[in-house]
S.K.: 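First, the structure itself, so that you have it in front of you.
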Amino acid sequence: MKVLILGSGGREHALAWAVARSPRVAQIVCAPGNGGMAQIARCVPIDLKDLAAVVRLAESERPGLTIVGPELPLSLGVVDSLRERGLRVFGPTRAAAMLETSKGFAKQFLQRHNIPTPNYAVCASAAEVAKAVEVFHPPIVVKADGLAAGKGVIICPSRHIAVEAAGGLFSGSLLGAAEHQVVIEEFLKGDEISFLCLSDGNHVTPLLPSQDHKRVGEGDTGPNTGGMGVYSTDSLLDAHMSEWILRHIAEPAIRGMAGEGTPFAGVLYCGLMITARGPQVLEFNARFGDPEAQAILVRLESDLVDALNACVEGRLAETTLRWNAGASVCVVASSGGYPGAYKTGFPITGLPAAAQVPGVQIFHAGTTLAGGQSLTAGGRVLGVTAAADSLELALGRAYQAMAEIHFDGMYYRRDIGHRALKQTQ
Ligand code: AMP
Ligand code: GLY
């Protein structure tokens, strides 16, 4: 079978790596792909914002399965367009992806289906925000309604600042594009968990839970990023808590979407805060997380293509996923300056030595290949991923591999998974 993977980040490299392990797969095409994916697949340059170009590519390649990595093409309706042309594609339709593409829609959906989530108000003007914040206690969370690549959430220490931040979202001065509505939300304290599930529109199969490190700096300081590292262990959630999240969050969400006539097939990423009053949904994403996918997929023993096919064909209930026991971690090496401005084009050295460390997979996130040499080409450059019997061992392997790698301005957090390590000691 030929598989087409849309995207160019670490998540898509991990997907391509997992797909390549399937005996069913004869050929992998990545669009646009990156320097790492180019070593295991054929990469075709494309602008994923150009839906017509993506459709043309899929029609000419006729893949047996298309996997959509990032949210942007989902928001444009790539799944709907490919399906209309008789192509098999893994991912939610444009209507189902609204769980990610409109935070206002997601919050109202959560409320309709009694799924636990922080108190909120959806506001269409600064005047509505000024009125709504009166009943919230600072800090107050202000969220852009639409996709914002991790930049749409502002934690405000006062009502006044919340109104100002919302004003910046409405005018477009904060994100570039003007928002039509914003979400005001109660601030919650607790541990964040990324709880990802596969769904075929009816059935739900959870993937292993993981924990992301969103802030750029060690000790969870500095601005939010797409994710600087993630780990997954067997003890991250106990069986009782996982079951509770499945029954009270993931399954009602999938049932709710089916009941509203917009069934959700694909990966439902539940971004949860585990609070004193139980797990609460902070956000939904309609795709694999990045770098969550890297840490999760290195622990998957089952054939990924079989599982994704089962989602596309509505037979997920017949499929069980097998996982490697133990732990995994993905540490992101980023360009100096990220998530702000950064330079690219620097040669990356040490990759072959790093790949020799047992249990390590190096996933490329922002790289290109020029005459056999990997060059930096993005904010997040590499996801150094390791699996082992314990988190401590996995971290040891990932950081040993990281020590072999070099590029100008290279930065990574040295404390990924450390909070969990302390709790188990
Ligand atoms: P989101 O894109 O909604 O997941 O928000 C990005 C990040 O902002 C989350 O991963 C949290 O760290 C933080 N955040 C979002 N909503 C809340 C909330 N209600 N309370 C506390 N932190 C939040
Ligand atoms: N790592 C967070 C995300 O993929 O949204």
Side-chain angles (χ1 to χ4, degrees), residues 1-20 22 24-102 146-147 149 176-177 200-201 262-267 285-288 290 293 304-305 307-314 344 363-370 377-378:
M1 182 205 276
K2 185 198 272 190
V3 177
L4 171 63
I5 299 174
L6 300 181
S8 60
R11 164 185 47 213
E12 289 79 20
H13 188 188
L15 284 166
W17 170 83
V19 162
S22 171
R24 280 178 208 292
V25 174
Q27 207 190 338
I28 306 174
V29 180
C30 298
N34 63 33
M37 292 157 92
Q39 296 170 36
I40 56 171
R42 178 160 56 86
C43 292
V44 182
I46 201 161
D47 177 0
L48 292 180
K49 291 195 288 295
D50 185 347
L51 179 61
V54 175
V55 170
R56 273 198 306 276
L57 173 71
E59 281 197 300
S60 76
E61 293 284 348
R62 301 302 302 174
L65 176 67
T66 298
I67 304 171
V68 186
E71 59 275 23
L72 183 81
L74 295 173
S75 74
L76 300 176
V78 71
V79 172
D80 314 59
S81 294
L82 297 190
R83 269 201 206 144
E84 277 162 21
R85 288 160 176 85
L87 292 163
R88 289 156 43 84
V89 48
F90 175 82
T93 59
R94 183 181 185 163
M98 274 184 73
L99 283 181
E100 173 166 4
T101 58
S102 168
L147 295 178
D200 59 6
T262 49
F264 185 103
V267 174
N285 292 318
R287 49 170 175 83
F288 282 99
D290 188 347
L304 178 68
V305 175
L308 302 190
N309 268 329
C311 291
V312 174
E313 289 161 11
T344 58
F363 296 121
H364 292 223
T367 74
T368 52
L369 210 52

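In this chain, residues are counted from 1 in sequence order.
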S.K.: Short question: side chain of T367, backbone of G35 - any donor-acceptor pair under 3.5 Å?
M.R.: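 Checked: pair present.
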S.K.: Is any side-chain heavy atom of R83 less than 4.5 Å from a side-chain heavy atom of R88?
M.R.: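 They are not in side-chain contact.
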S.K.: Going through the checks in order, is the side chain to side chain contact (heavy atoms under 4.5 Å, CB included) test met by H364 and M37?
M.R.: CA-CA 7 Å; H364 292 223; M37 292 157 92; over 6 Å; no
S.K.: Does the pair I67 and L308 meet the rule for a side chain to side chain contact (heavy atoms under 4.5 Å, CB included), with working shown?
M.R.: CA-CA 8 Å; I67 304 171; L308 302 190; 3.6 Å; yes
S.K.: Rounded to the nearest 0.5 Å, what separation is found between the CE atom of M1 and the CD1 atom of I28?
M.R.: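 That separation rounds to 11.5 Å.
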S.K.: Go through it in stages, so that I can follow the logic: the residues are V55 and L82, the test is side chain to side chain contact (heavy atoms under 4.5 Å, CB included), and I'd like the CA-CA distance, side-chain angles, deciding distance and then a yes or no.
M.R.: CA-CA 6 Å; V55 170; L82 297 190; 4.1 Å; yes
S.K.: Atom CG of D50 and atom CG of L57: how far apart are they, to the nearest 0.5 Å?
M.R.: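 That separation rounds to 11.0 Å.
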S.K.: Determine, step by step, whether L65 and L4 satisfy the side chain to side chain contact (heavy atoms under 4.5 Å, CB included) criterion, reporting the C-alpha distance in whole Å, the side-chain angles of both residues, the deciding distance to 0.1 Å, and the verdict.
M.R.: CA-CA 6 Å; L65 176 67; L4 171 63; over 6 Å; no
S.K.: Please examine the side chains of V44 and C30, heavy atoms only from C-beta on, and report whether any two atoms are closer than 4.5 Å.
M.R.: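 No - every pair of side-chain heavy atoms lies 4.5 Å or more apart.
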S.K.: Does A58 offer a backbone N or O that forms a donor-acceptor pair with the side chain of R62 under 3.5 Å?
M.R.: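 Pair absent, no side-chain N/O of R62 close to backbone of A58.
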S.K.: So, N285 side chain and E100 main chain: donor-acceptor pair closer than 3.5 Å or not?
M.R.: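 Checking the backbone N and O of E100 against the side chain of N285, no donor-acceptor pair under 3.5 Å is found.
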S.K.: So, do D200 and E313 sit near enough that their side-chain heavy atoms are less than 4.5 Å apart?
M.R.: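 Not in contact.
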S.K.: Would the distance check show the side chain of S22 and the main-chain N or O of V19 forming a donor-acceptor pair, the cut-off being under 3.5 Å?
M.R.: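 Here the side-chain-to-backbone pair does not exist.
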S.K.: Just by distance, do the side chain of S102 and the backbone of M98 share a donor-acceptor pair under 3.5 Å?
M.R.: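 Not a single qualifying donor-acceptor pair exists.
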S.K.: Is V54 close to P73 at the side-chain level, that is, under 4.5 Å between some pair of heavy atoms?
M.R.: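 Counting from C-beta outward, P73 and V54 never come under 4.5 Å.
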S.K.: Rounded to the nearest 0.5 Å, what separation is found between the SG atom of C43 and the CD atom of E12?
M.R.: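 Between atom SG of C43 and atom CD of E12 there are 11.5 Å.
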S.K.: Would you compute the distance between atom CG of L15 and atom CZ of F90 and round it to the nearest 0.5 angstrom?
M.R.: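 Answer for the CG-CZ pair, L15 versus F90, is 8.5 Å.
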S.K.: Ignoring hydrogens and geometry, is there a side-chain-to-backbone donor-acceptor pair from R11 to A293 under 3.5 Å?
M.R.: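 No: the side chain of R11 does not pair with the backbone of A293.
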S.K.: Are E61 and R56 ion-paired here, with the side-chain N under 4.0 Å from a carboxylate O?
M.R.: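 No salt bridge links E61 with R56.
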S.K.: Please enumerate all residues that pass side chain to side chain donor-acceptor pair (under 3.5 Å) together with T93, with sequence neighbours excluded.
M.R.: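 Here no residue qualifies.
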S.K.: What class does the angle between the rings of F363 and W17 fall in, given that below 30° is parallel, 30 to 60° is tilted and above 60° is perpendicular?
M.R.: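 The arrangement is perpendicular - the two ring planes meet at more than 60°.
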S.K.: Is there a donor-acceptor pair under 3.5 Å between the side chain of R94 and the backbone N or O of L74?
M.R.: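 Judged by distance alone, no pair lies under 3.5 Å.
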S.K.: Which of these passes side chain to side chain contact (heavy atoms under 4.5 Å, CB included) with L6: T66, V89, I46, L72?
M.R.: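 With L6 as partner, side chain to side chain contact (heavy atoms under 4.5 Å, CB included) holds for just one option, T66.
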S.K.: Once you round to the nearest 0.5 Å, how far does CG of L87 lie from OG of S81?
M.R.: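 Reported to 0.5 Å precision, the distance equals 10.5 Å.
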